[in-house]
Every structure is written in C-alpha cells, then in structure tokens.
Amino acid sequence: MRTTELAVTLIYIVVCIGIGLWARSKVRESKDDYWVAGRRVGVFTNTWAIMAALASGGSILGVTGLGYRLGLPYVFSMYAGAVVGFPIAAMLVAKPLVNLGKYTITDFLAERFDSKLLKVVIPLIIVISMGTYIVAQMKAAGVAAQYLLGISYNHAIILTSVVFILYVSIGGMWAVTVTDVLQGIIMVGMMLLVAAISLARFGGLGGLLTQATAAAPNIGKLVDMPMSSYVGAFVVWAAAIPVIPHIVMRIYTSKDVKSARLSLNYAMLIYAFMIFFGVVGISAGGHLLAPGLKDADTVYLIMVESFLPRVLGGLALAAVMAAVMSTTDALLLACASAVSHDLYERVINPRASDKTLVNISLVTTWVIGLLAMFFAFNPPKLLTMLYTAAVGLIVSSLFVPTILGIWWKGTNTQGATAGVLVGAVSYLWLLWFTKMPALSHVLVSLPLCLFVTVIVSLLTPPPSAATLERVQQLHK
Amino acid sequence: MTDRGFFPLEKKYAVALITYIALAVLFFLPWARQHSVYGVSLFGWLMGAFMFVAPVINLLVLRSDNTGK
C-alpha cells in the first residue's frame with residue numbers, strides 16, 4: 001500500500017463528498033437545482049465543468065493507453081472529432097436548447113416530435129449507452145485504486161463505485177458542477193505536469209518523439225487500423241457532442257446562450273492542451289520508460305511512479321479519480337434524468353411532484369451505478385474503445401433527428417421515429433453481427449438514419465404550423 | 001403550400017461549419033499520410049493542430065455575437 005498517495009487521494013475524495021453534502025441543502029425539492037443547477041452557471045464554472053465531464057478516466061488512463069497501443073495519429077483523429085464537436089454544438093444546438101429551458105435531450109425531441117414511442121425508446125438508448133460509458137469509467141477507477149491500495153481489482157471496483165454513487169446521489173447537479181471545477185483543474189494540472197517532466201527528461205518534443213518512434217515506429221504511423229476506423233473515431237465524437245446527454249445537460253445549466261457557447265469553446269481549448277501534450281509526453285514517453293506494457297492503460301500510473309515525489313504522486317492519482325468521478329457523476333445524473341424525468345414524468349406520471357422525481361433519481365442512480373459496477377468486474381482491455389462504441393449508439397440514433405429537428409422544417413414525427421429506430425438497430429446489428437473495423441459502424445448507420453429520416457418525412461404529412469412556430473421561437 | 005425549407009443559420013456560422021468540414025476532408029485525404037515529422041505522420045500532426053484550430057475559429061466567430069445577452 002502507498003500510504004502517502006492514499007492519504008492525498010482520500011483527502012480529495014472526502015472533500016468531494018463534503019461538497020456533495022453542502023450541495024444537498026440546495027436541491028431538496030427542486031428538480032431545476034437537482035438536474036440543471038438552477039440554470040445559473042457562469043462561463044468560468046461551466047467551462048471547467050464541461051471539460052471535466054468530457055475528460056473522463058478515459059482521458060487520462062484510457063487516452064494515454066490508446067496512444068501507447070494504437071499510436072498518436074489514431075488518438076488525435078478521435079479527439080479532434082470531440083473538439084470539433086463542441087463548436088458544432090455551440091453553433092447548431094446551444095441556442096435552441098437554452099431557449100427551450102428544459103433538462104434533457106429527450107425534452108427537445110419530445111417537444112419537437114409528438115411520439116410516445118420516442119419518449120420511451122430514447123431514454124432506453126441513453127441508459128444503455130451511458131451505462132456502458134460508466135462501466136469504462138469504473139474500470140479506470142478500479143485500476144487506479146488497485147494500484148493505490150494494493151487490493152484486488154474487484155474490491156477496488158466495489159470501493160470506488162460506492163463512493164462515486166454516494167456523492168452523486170446526495171448532491172445532484174450542484175454537487176457535480178462544483179466538484180467538476182476542482183476535478184478539472186486537478187486533472188489538467190497533473191496530466192500536463194507529468195507530460196512536461198517526460199518532455200524535459202527525453203529532450204523536448206523533437207527529442208522525445210525521435211527516440212520514441214525509433215523504439216516503437218508504429219506509434220507515429222497509421223498502421224494498426226484501417227482508415228475507416230480513423231474516420232469513424234473522428235465522426236463518432238464530432239457528432240456525439242451536440243447530443244450526448246451529459247454534455248447537453250451542461251448546456252441547459254448555462255445562464256444564457258452566449259455563456260453556453262463560450263463555455264463549450266473554452267472547455268475545448270483546455271481539453272486540446274491536455275490531450276495533445278498528455279499523449280505526446282506520456283504515451284510516447286511511455287515507450288522509452290516502459291516498453292512492451294501488457295496493459296497499456298497503466299502507462300500513466302507508471303510514469304507517475306517514476307517521475308513524481310510521493311505527495312505529488314498522490315495528487316496525480318487523485319487526478320485519475322477526479323477524471324473518473326467528474327464523468328461518472330455526470331453520466332449517472334444523465335441516466336437518472338432519463339429514467340425519472342424522461343420516462344416517469346413524461347410517460348408514466350406527468351403530475352409527479354419535484355420531490356418524488358428527485359427521489360426516483362436517487363434510486364435510479366444507485367441501481368444503474370451498481371449494475372455498472374457489476375459489469376466492470378470483467379471489462380474489455382482498452383477503455384476508450386469501449387465507451388466510444390457506446391457513444392456510437394447515441395450518435396447513430398439521435399444526431400440526425402436532433403439536428404434536422406432544429407434546422408429542417410420538413411422533419412416530422414414519422415421521419416424522426418423511423419430515423420431513431422433505423423439508426424439504433426442498424427448500429428447494434430453492425431456492431432454485433434459484422435466484422436467491420438472498430439468504430440467504423442457509425443459510417444453506415446449515421447447516413448442510413450439520415451436517409452430514412454428524410455425519405456419518411458418527405459413521404460408523410462409535414463409538421464403542423466403550430467409545431468414549426470414552436471421551433472421558430474427556439475431560434476429567436 | 002407546405003414549407004419544407006430550413007431555418008436560417010447565420011452566415012458566419014455556416015462559413016465556420018463549412019470550414020470544419022473542408023479541413024476534416026482535407027486532412028483525411030491520402031497526401032497527409034505520405035509524410036512524417038519527428039517520426040509522426042503528418043496526418044497525426046494535422047489532427048493535433050485541428051484540436052486547437054476548431055475552438056479558436058469558433059471563438060473568433062463568437063466575438064461579434066451578442067445573442068442571449
């Protein structure tokens with residue numbers, strides 16, 4: 001057991017739980033506070049909260065592991081997609097969603113398309129995708145806790161999962177937002193510190209890359225994956241950001257449209273620095289410090305142990321926990337809102353009180369969190385590939401109906417319903433029953449969704465004037 | 001007469017959107033894979049640069065935007 005590192009990490013977790021308890025007093029009976037932090041979040045706070053929500057355990061352990069295993073070009077093409085997705089979200093969805101003033105992506109689709117089927121199917125898609133995303137986060141937490149405490153992986157998973165679920169369930173979006181600022185700053189600071197030490201030790205950018213690509217030439221090349229996988233990785237993330245529930249909820253928390261747009265872009269600049277220098281310093285440096293790693297996702301931990309004194313090492317490990325917590329909490333909250341708000345309030349009991357809905361959220365958070373913990377006992381090897389595949393399901397089903405629903409007047413309920421179903425079913429079929437290259441499935445399912453949505457919309461009656469007037473109001 | 005047109009997107013946003021798509025297509029073309037700098041494919045460097053360029057373009061576009069204030 002690493003006592004100093006453990007102490008620093010524990011202090012950090014206790015602080016987060018303390019914040020959750022403090023935030024609890026603000027959310028007792030208000031679903032606006034619980035889900036969207038009262039819509040009062042400013043640019044600075046929302047920038048760090050968005051950054052931390054996206055920068056997951058995958059962004060520290062996963063992305064450095066992915067860079068180590070599949071090379072720098074693969075990681076950059078995937079994360080360039082995510083970064084491009086934010087300006088797209090800022091331009092195409094931020095204003096209508098802030099003007100709508102609701103809580104979830106389902107709210108917009110339910111407002112735009114009057115379909116009971118969509119009101120049930122979309123929350124289910126969100127829970128399946130985000131649940132898988134949570135599994136990947138819990139693996140990252142398990143790997144870090146196992147390293148830190150010297151306990152078995154399964155015990156580490158149980159311990160970290162219970163802590164995460166506890167603090168999300170007590171505080172809602174207020175707790176998530178405030179802790180995300182702290183978590184974002186810690187994770188960016190520590191990842192850049194480790195990367196900077198690696199760059200300094202191995203002769204700067206040019207020196208490190210020259211040595212690393214001489215030792216492991218493949219990390220600089222496009223060799224392991226077909227080009228369709230590179231394009232798919234880019235497209236999945238570029239299309240995900242405007243519709244992925246835990247980012248969309250951040251848009252709703254903004255106090256106005258400009259604040260939402262600025263936060264999305266500032267967050268991405270910070271994120272770009274962290275990913276670019278993190279991957280160059282840690283993934284490439286890892287091939288010089290620890291060549292031939294069996295579990296690539298541990299390269300960051302090995303660098304931390306080699307480079308940092310113990311107290312800073314503890315902070316660097318806390319940064320992993322921070323990354324996992326800040327994403328897991330947002331994902332858990334997105335799942336909870338999908339069940340309690342999208343399913344229960346919209347479909348089952350529209351007259352439910354705020355207090356009832358918050359209570360249902362608490363139960364949902366625990367059920368989904370514990371289910372994710374169960375699946376995290378036997379996760380696949382590369383974290384980032386797992387959660388990117390899960391995100392592909394949301395992209396395939398929700399991106400086209402959302403964007404067309406906002407911008408194309410001809411999109412109607414029949415077209416959107418057919419698009420969601422065809423996008424989701426085709427993606428899952430391609431994922432499970434074909435041997436297409438990793439992450440390339442979306443290159444088929446997304447155009448298919450677009451084609452079906454447009455054709456069905458054109459072949460069926462157009463939306464009513466009242467519907468179009470409502471959408472028009474969202475653009476003002 | 002049914003209206004199946006589009007809601008208008010401000011010109012500056014349309015230009016930014018087209019720029020992103022054009023850059024992405026350009027970077028994925030084969031020419032970017034045929035060169036390397038410090039052992040890393042030019043494609044990798046371009047994608048890395050894209051991560052910084054995309055939000056900067058959007059922030060420049062937003063400078064003249066007073067929406068929502």
Side-chain angles (χ1 to χ4, degrees), chain A residues 71-77 79-80 82-84 86-88 90-92 95 98 205-206 209-210 212-214 217 219-222 227 230-231 234 238 256-262 264-269 271-273 275-276 279-280 406-410 457-458 461-462 468 471-472 475, chain B:
Chain A
L72 275 52
Y74 193 83
V75 176
F76 289 156
S77 66
Y79 284 85
V83 173
V84 169
F86 275 82
I88 292 174
M91 291 186 292
L92 297 184
K95 187 176 177 182
V98 171
L205 187 71
L209 286 176
T210 305
T213 53
I219 65 160
K221 295 178 181 168
L222 294 82
M227 201 57 201
Y230 285 79
V231 180
F234 180 90
D256 57 43
V257 176
K258 189 156 190 179
S259 160
R261 286 174 166 166
L262 286 174
L264 286 163
N265 284 290
Y266 287 143
M268 278 312 91
L269 263 183
Y271 189 69
F273 271 101
I275 296 295
F276 184 87
V279 168
V280 171
I406 291 172
W407 294 101
W408 184 40
K409 294 175 187 174
S457 293
L458 289 174
L468 291 182
V471 183
Q472 179 76 52
H475 286 279
Chain B
M1 181 106 177
T2 55
D3 183 0
R4 291 193 193 262
F6 290 88
F7 291 101
L9 176 67
E10 281 183 70
K11 194 178 171 186
K12 59 188 177 185
Y13 290 130
V15 170
L17 204 57
I18 291 166
T19 305
Y20 294 139
I21 294 168
L23 286 175
V25 170
L26 190 68
F27 295 164
F28 275 109
L29 292 176
W31 68 273
R33 285 169 256 159
Q34 290 158 0
H35 308 279
S36 63
V37 179
Y38 293 132
V40 176
S41 157
L42 183 59
F43 167 78
W45 288 111
L46 290 171
M47 281 296 168
F50 205 5
M51 292 198 288
F52 297 95
V53 170
V56 168
I57 289 176
N58 208 240
L59 283 168
L60 290 174
V61 169
L62 281 173
R63 277 179 64 189
S64 58
D65 190 352
N66 291 316
T67 308
K69 293 299 267 185

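Side chains included, hydrogens not; waters and symmetry mates left out as well; all remaining heavy atoms used. Lettering of chains follows the sequences in order, A, B, ..., and the numbering in each one begins at 1.
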Which residues share a ring pair (Phe, Tyr, Trp, His ring centres under 6.0 Å) with A:Phe276, sequence neighbours left out: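 In terms of ring pair (Phe, Tyr, Trp, His ring centres under 6.0 Å), with neighbours along the sequence ignored, A:Phe276 is linked to A:Phe76, B:Phe52.
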
Working for side chain to side chain contact (heavy atoms under 4.5 Å, CB included), residues A:Met91 and B:Glu10: CA-CA 9 Å; A:Met91 291 186 292; B:Glu10 281 183 70; over 6 Å; no

Picking from [options], which has the most non-hydrogen pairs under 4.5 angstrom with chain B?
options	value
A:Leu262, A:Leu209, A:Leu205, A:Val75	A:Leu209
A:Pro87, A:Gly410, A:Pro73, A:Ala80	A:Pro87
A:Val279, A:Ile88, A:Leu264, A:Leu458	A:Leu458
A:Val280, A:Ile219, A:Leu92, A:Leu72	A:Leu92

Residue pairs passing the side chain to side chain donor-acceptor pair (under 3.5 Å) test where at least one lies in residues 51-61 of chain B, sequence neighbours excluded: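 Counting only pairs at least two positions apart or across chains, the side chain to side chain donor-acceptor pair (under 3.5 Å) contacts touching residues 51-61 of chain B are A:Asn265-B:Asn58.
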
Contacting region of A:Phe234 [heavy-atom separation from chain B under 4.5 Å]: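 Only the side chain of A:Phe234 comes within 4.5 Å of chain B.
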
Part of A:Leu269 lying under 4.5 Å from any heavy atom of chain B: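 Contact with chain B involves both backbone and side-chain atoms of A:Leu269.
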
Worked check of side chain to side chain contact (heavy atoms under 4.5 Å, CB included) between A:Tyr79 and B:Met47: CA-CA 8 Å; A:Tyr79 284 85; B:Met47 281 296 168; over 6 Å; no

Side chain proximity check, A:Trp408 to A:Ser457, heavy atoms < 4.5 angstrom: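 Result yes, sub-4.5 Å side-chain heavy-atom pair found.
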
Min side-chain heavy-atom separation B:Leu9-A:Trp407 under 4.5 Å: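 When only atoms from C-beta onward are counted, A:Trp407 and B:Leu9 do touch, with a gap below 4.5 Å.
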
Selection from B:Pro8, B:Gly5, B:Gly48 maximising heavy-atom pairs under 4.5 Å formed with chain A: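 The option with the most such pairs is B:Gly5.
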
Side chain to side chain contact (heavy atoms under 4.5 Å, CB included) between A:Ile406 and B:Phe7, intermediate numbers included: CA-CA 8 Å; A:Ile406 291 172; B:Phe7 291 101; over 6 Å; no

Nearest heavy-atom neighbours spanning A:Lys221 and A:Pro217: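 That closest heavy-atom pairing would be CG-O, 3.7 Å.
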
Nearest non-hydrogen partners of A:Ala272 and B:Met51, listed with the distance: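 For A:Ala272 versus B:Met51, the nearest heavy atoms are CB-O, 3.5 Å.
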
Part of residues 14-23 of chain B lying next to chain A, heavy-atom separation under 4.5 Å: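 At a heavy-atom separation under 4.5 Å, chain A is reached by B:Ala16, B:Leu17, B:Tyr20.
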
Per-residue contacts, residues 31-45 of chain B versus chain A, heavy atoms under 4.5 Å: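 Residues B:Arg33, B:Tyr38, B:Gly39, B:Val40, B:Ser41, B:Phe43, B:Gly44, B:Trp45 are the ones that qualify, each having a heavy atom under 4.5 Å from chain A.
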
Using 0.5 Å steps for rounding, measure from the [atom1] atom of [X] to the [atom2] atom of [Y].
X	Y	atom1	atom2	answer
A:Ser77	B:Phe27	OG	CZ	12.5 Å
A:Lys95	B:Tyr13	NZ	OH	7.5 Å
B:Leu60	B:Lys12	CG	NZ	11.5 Å

